[in-house]
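Chain letters run A, B, ... following the sequence lines, proteins first and then strands; every chain starts at 1. Worth knowing before you read on, the calculation uses all heavy atoms, side chains too, and leaves out hydrogens, waters and symmetry mates.
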Amino acid sequence: MSPVIEARGLVKRYGRLPAVDGIDLTVEKGEVFGLLGPNGSGKTTTILLLLGLTEPTAGSIRVLGLDPLRQPLQVKQRVGYLPDQIGFYDHLTALENLAYTARLAGLPSDEANKRIVGAMERVRLADVANRRVATFSRGMRQRLGLAEVLVKQAEIAILDEPTSGLDPQSTQELLELIRELASEGVTFVLSSHLLAMMQTICSRVALFRKGSIGLIGQVENLTSDVLGGSHMVEVEFENADLVKVLAGAPHVSGLTPLGTGRWRVDADADVRTDIARRIVGAGGALRSMTIRQATLDEVYVRFFEGENHDVAA
Amino acid sequence: MTSQREGSPFAGLSTIALKEAADHMNSIRIHLVMLLVLLTAIGSVYGAIGQIKATVSEDQFLFLRLFTTAQQPLPSFVSFLGFLVPLVAIALGFDAINGEYSRRTLSRILSQPIYRDALLTGKFLGGLLVIAICLLDLWLLVTGLGILVLGLPPSGEEIARGLAFLFASFVYSGVWLAVALAFSTIVKSPATSALCALTAWLLFTVFWPMLAPLIAGAVAPIDPLDPMTAVHQIDIQQALARISPNTLYGEATLALLNPATRSLGLLFTDQLSGAMMGAPLPFSLSVALIWPQLAGMIAALLVLFTIAYVSFQRQEIRA
């Protein structure tokens with residue numbers, strides 16, 4: 001895989017206040033990359049820098065091998081952007097809105113019409129293509145925004161809070177569409193507060209904190225790094241000292257008491273069989289045991305623990 | 001950090017200008033304002049025709065009188081236009097940029113392969129195009145009414161003067177469109193920017209003609225023992241009055257539509273020696289006479305557009 005986005009030492013200051021403070025970022029072709037972090041942590045500013053919509057104070061960015069500051073038109077020709085709370089011209093129909101941006105993108109009329117029809121079908125808005133956007137729901141607007149990315153045949157799609165305000169069904173439809181496009185080679189950069197959703201769709205994520213990236217990597221790796229394990233086993237038992245029982249057990253990285261006879265075991269593998277065998281072997285009585293994988297929410301909460309900010313839902 | 005941008009700053013300009021013009025042409029807001037202008041224009045021209053029929057026997061420039069003759073209580077067509085055209089321009093431009101912010105369309109549009117230059121200039125040109133179409137329609141309507149009712153076709157010079165008047169009106173409208181555009185860029189709320197533009201309109205069309213003599217009186221009081229102080233005060237008053245685009249437009253139309261106008265400032269009797277009073281100036285001299293006014297309006301337009309441009313370029317695009 002080759003990098004389609006590369007940022008090195010990226011800094012953006014508003015006066016003395018750094019909105020983005022020394023970011024290093026690489027996104028590979030075909031990845032679905034997630035930008036996570038509290039409000040004001042620098043996610044949207046990073047997106048604007050990638051699009052050349054704002055000028056970096058220092059550092060360098062390459063998008064598809066181009067400099068967004070010097071070659072913004074070429075970058076924007078190949079990158080689609082769906083902003084948070086996307087706006088359309090309400091007095092125009094969905095078709096007219098797409099035709100306008102297609103003309104701005106410099107597409108010839110015939111080619112634009114062909115792409116628009118195809119995109120509208122793909123986002124399942126073909127039936128309402130001639131309706132004014134004023135009558136569209138939030139979900140329909142988001143899908144129309146994605147249709148715009150399709151019309152452009154963007155190689156990179158940057159979506160800022162794409163599912164914010166959508167009902168569960170619309171969210172699932174949008175995610176499905178993103179998965180389809182990603183499987184066709186489109187690179188996605190997603191920014192969202194919906195961590196459960198990000199966990200299901202992103203191949204890698206970056207956690208932003210105060211303008212810099214605090215953590216970056218695959219979700220499984222982050223859970224190991226932050227929580228000490230990607231698996232959490234909750235175990236309830238009697239007549240045994242779990243600390244002694246699990247001393248030296250492989251894959252176990254942490255023990256947390258949850259109540260009398262109840263513990264949480266953090267591990268980087270499924271260690272249920274080993275735990276059961278050790279408890280029973282020590283003469284204990286095992287009452288229950290459940291396992292679940294660590295979530296991005298838990299990583300997020302642990303990572304930002306103690307900080308005063310808007311914590312994501 | 002600075003660097004040279006690649007690509008034309010005007011990529012997408014015509015697309016934006018045509019879309020803006022089409023939007024304006026279809027908007028109820030413009031329909032209403034234009035209806036107001038149309039009704040007042042027809043009213044004033046109708047009044048002028050009645051007045052001309054009743055009082056004028058022979059006039060080399062009878063046709064031009066359609067534009068300048070007033071019949072109480074209606075003012076002349078030119079006065080109406082000077083008062084109402086700014087309203088049309090303000091209606092076209094007050095939400096040009098901040099409207100994009102409030103609709104949350106700005107970042108989506110600017111993420112297309114265009115520069116901000118094209119968006120701002122396209123919006124300005126789109127507005128100018130609509131104004132040009134509206135003014136041309138009005139001009140043709142008045143000319144047609146004149147031909148129908150007076151039964152006289154305009155002479156070549158009258159057409160030339162009429163076209164020059166049309167151009168002056170166009171530039172005057174452009175100034176007010178640039179005012180509205182500048183406010184739409186600087187002020188975030190469309191309602192507030194409309195209010196700011198309307199305040200500027202009221203200040204310069206209604207209050208400034210009253211304020212200019214007061215300020216001149218305070219700055220250069222008249223000494224009863226020195227007659228030249230009165231001349232000095234009038235000079236200052238005129239200079240102050242010319243800050244208003246309304247004054248510049250009024251003077252330009254006066255010289256264009258009334259060919260007997262030989263000067264737009266103070267004249268001493270010795271300066272008139274040898275002149276044939278009431279004799280019309282050739283068209284070229286009338287144009288030379290109004291050139292400073294026209295240049296002043298064009299300069300104001302450019303300054304205001306530059307303010308809007310600089311302000312827009314410095315803004316952070318987050319909506």
Would you compute the distance between atom [atom1] of [X] and atom [atom2] of [Y] and round it to the nearest 0.5 angstrom?
X	Y	atom1	atom2	value
B:Glu316	A:Lys12	CD	NZ	5.0 Å
B:Ser111	A:Leu50	OG	CG	12.5 Å
B:Ser107	A:Leu48	OG	CG	7.5 Å

Portion of B:Ser8 that has a non-hydrogen atom of chain A nearer than 4.5 angstrom
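Backbone only.
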Is chain A contacted by the side chain of B:Ile16, its backbone, both, or neither, given a heavy-atom distance below 4.5 Å?
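Both parts, heavy atoms under 4.5 Å.
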Of all the heavy-atom pairs spanning [X] and [Y], show the shortest one and how long it is.
X	Y	value
B:Arg108	A:Asn97	NH2-OD1, 3.8 Å
A:Lys152	B:Gln112	CE-OE1, 3.3 Å
A:Arg70	B:Tyr115	O-OH, 4.4 Å
A:Lys76	B:Leu110	NZ-O, 2.7 Å
B:Lys19	A:Leu92	CE-CD1, 4.1 Å

Using heavy-atom distances under 4.5 Å, tell me whether [X] contacts chain B through its side chain, its backbone, both, or neither.
X	result
A:Tyr89	both
A:Ile86	both
A:Glu96	neither

Can you confirm whether [X] is buried at [atom1], in the sense that more than 12 heavy atoms of other residues, nucleotides or ligands lie under 6.0 Å from that atom?
X	atom1	answer
A:Arg13	CZ	no
A:Arg132	CZ	no
B:Leu35	CG	yes
A:Lys114	NZ	no

Should A:Asp90 and B:Arg103 be marked as a side-chain contact (heavy atoms from CB on, under 4.5 Å) after you check the CA-CA gap, both sets of side-chain angles, and the distance that decides it?
CA-CA 9 Å; A:Asp90 283 352; B:Arg103 279 190 300 265; over 6 Å; no
Of the listed residues (A:Thr45, A:Leu73, A:Thr101, A:Val75), which shares the most heavy-atom pairs with chain B below a 4.5 Å separation?
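Of A:Thr45, A:Leu73, A:Thr101, A:Val75, A:Leu73 has the most heavy-atom pairs under 4.5 Å with chain B.
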